[in-house]
S.K.: 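The following block contains the structure, expressed as structure tokens.
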Amino acid sequence: MSTTRRSLCWLALALLAPVCLAAQPGPAALLPLAGTSWELVRFRSMDDAQGTIEIDDPTLYSVGFGTDGRATLRLNCNRAQGPWQATTASDGISGTLRFGLMAGTRALCPPPSLDERLLGDLEFVRGYLLHDGMLHMSLMADAGIYSWRPARTR
């Protein structure tokens, strides 16, 4: 490689490095969800035919947002984990929320169970709102809202 070409490569790396580094989620990008855990209390579909599903035992469905950008979930008799990323809006109580590919168990939970539905819906989560002590995760295209309460300590 010529000296000129090598110099251009180093210059390109120097110019692009700040852009690449800025795109990585840091601890500030994960707040205020980082380090919190929640239990599912209801799913509200925007489709009137489905309506609202109240969860009888919220402890069966939980999500924990790690400070390392990893989420852990309890989905009834199953468990899952994977990456998450959030960007807080200027109001400090809402923002965008995305989950990455989740790895988890695939046990057959006794009915009724929302494990498969909830796991499938995670890829469509687009935003969050913290309101009245609850976390509300909205699905894209106004498909529905998952509402969570702070996890109870055991």
Side-chain angles (χ1 to χ4, degrees), residues 15-154:
L15 292 173
L16 293 175
V19 173
C20 294
L21 292 175
Q24 299 301 315
L30 302 177
L31 296 175
L33 297 177
T36 64
S37 296
W38 305 85
E39 297 171 342
L40 183 63
V41 293
R42 85 181 54 83
F43 172 72
R44 187 175 308 120
S45 174
M46 298 304 133
D47 178 358
D48 290 337
Q50 293 182 32
T52 299
I53 300 169
E54 298 288 338
I55 307 303
D56 293 330
D57 184 358
T59 64
L60 292 178
Y61 303 93
S62 63
V63 60
F65 295 97
T67 57
D68 60 353
R70 304 283 302 164
T72 56
L73 292 103
R74 176 177 182 188
L75 305 164
N76 197 343
C77 68
N78 287 299
R79 305 288 183 273
Q81 65 175 349
W84 70 280
Q85 183 177 3
T87 304
T88 306
S90 60
D91 62 13
I93 61 168
S94 66
T96 63
L97 175 61
R98 301 274 175 106
F99 290 92
L101 185 62
M102 294 286 163
T105 60
R106 295 274 183 184
L108 183 59
C109 300
S113 183
L114 289 177
D115 62 319
E116 290 180 16
R117 179 181 188 156
L118 179 54
L119 186 61
D121 281 348
L122 287 178
E123 71 178 287
F124 301 111
V125 170
R126 290 297 181 261
Y128 76 92
L129 171 67
L130 295 168
H131 181 69
D132 289 336
M134 304 265 296
L135 167 64
H136 305 280
M137 291 182 198
S138 58
L139 301 177
M140 65 186 284
D142 292 329
I145 298 172
Y146 284 94
S147 296
W148 308 75
R149 71 180 187 199
R152 312 261 192 234
T153 56
R154 295 183 182 114

S.K.: What's the shortest heavy-atom distance between E54 and V41, and which atoms?
M.R.: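 Smallest heavy-atom distance, with atoms named: OE1-O, 3.6 Å.
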S.K.: Has the side chain of T105 got a donor or acceptor atom that lies under 3.5 Å from a matching backbone atom of A107?
M.R.: no
S.K.: Got a donor-acceptor contact below 3.5 angstrom from the R74 side chain to the T59 backbone?
M.R.: yes
S.K.: Please report the shortest heavy-atom distance between Y128 and A86, naming the atom on each side.
M.R.: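 Where Y128 meets A86 most closely, the heavy atoms are CE2-CB, 4.3 Å.
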S.K.: For the pair R126 (side chain) and E123 (backbone), establish whether a donor and an acceptor sit closer than 3.5 Å, ignoring hydrogens and angles.
M.R.: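 Pair found, side chain donor or acceptor close to backbone of E123.
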S.K.: For atom CG of D57, decide whether the heavy atoms of other residues, nucleotides or ligands shown that lie under 6.0 angstrom number more than 12.
M.R.: yes
S.K.: In terms of heavy-atom contacts, does CD of E116 have more than 12 from other residues, nucleotides or ligands at under 6.0 Å?
M.R.: no
S.K.: Starting from the C-alpha separation in whole Å, work towards a yes-or-no answer on side chain to side chain contact (heavy atoms under 4.5 Å, CB included) for D121 and L139.
M.R.: CA-CA 7 Å; D121 281 348; L139 301 177; 3.8 Å; yes
S.K.: Quick one, T52 and F43 - any side-chain contact, counting heavy atoms below 4.5 Å?
M.R.: no
S.K.: What are the two closest non-hydrogen atoms of P112 and N76, and how far apart are they?
M.R.: O-ND2, 4.2 Å
S.K.: Should the heavy atoms of other residues, nucleotides or ligands under 6.0 Å from CG of D91 be counted, would the total exceed 12?
M.R.: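 Yes, CG of D91 has more than 12 neighbouring heavy atoms, counting only those of other groups under 6.0 Å.
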S.K.: Give the C-alpha distance, both sets of side-chain angles, the deciding distance and a yes or no for side chain to side chain contact (heavy atoms under 4.5 Å, CB included) between F65 and L135.
M.R.: CA-CA 12 Å; F65 295 97; L135 167 64; 3.8 Å; yes
S.K.: Give me the atom names and distance for the closest heavy-atom approach of P58 to E39.
M.R.: O-CB, 3.4 Å
S.K.: Would you mind telling me which of V63, V125, L122, L33 makes a side chain to side chain contact (heavy atoms under 4.5 Å, CB included) with W84?
M.R.: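 Single pass found, and it is L33.
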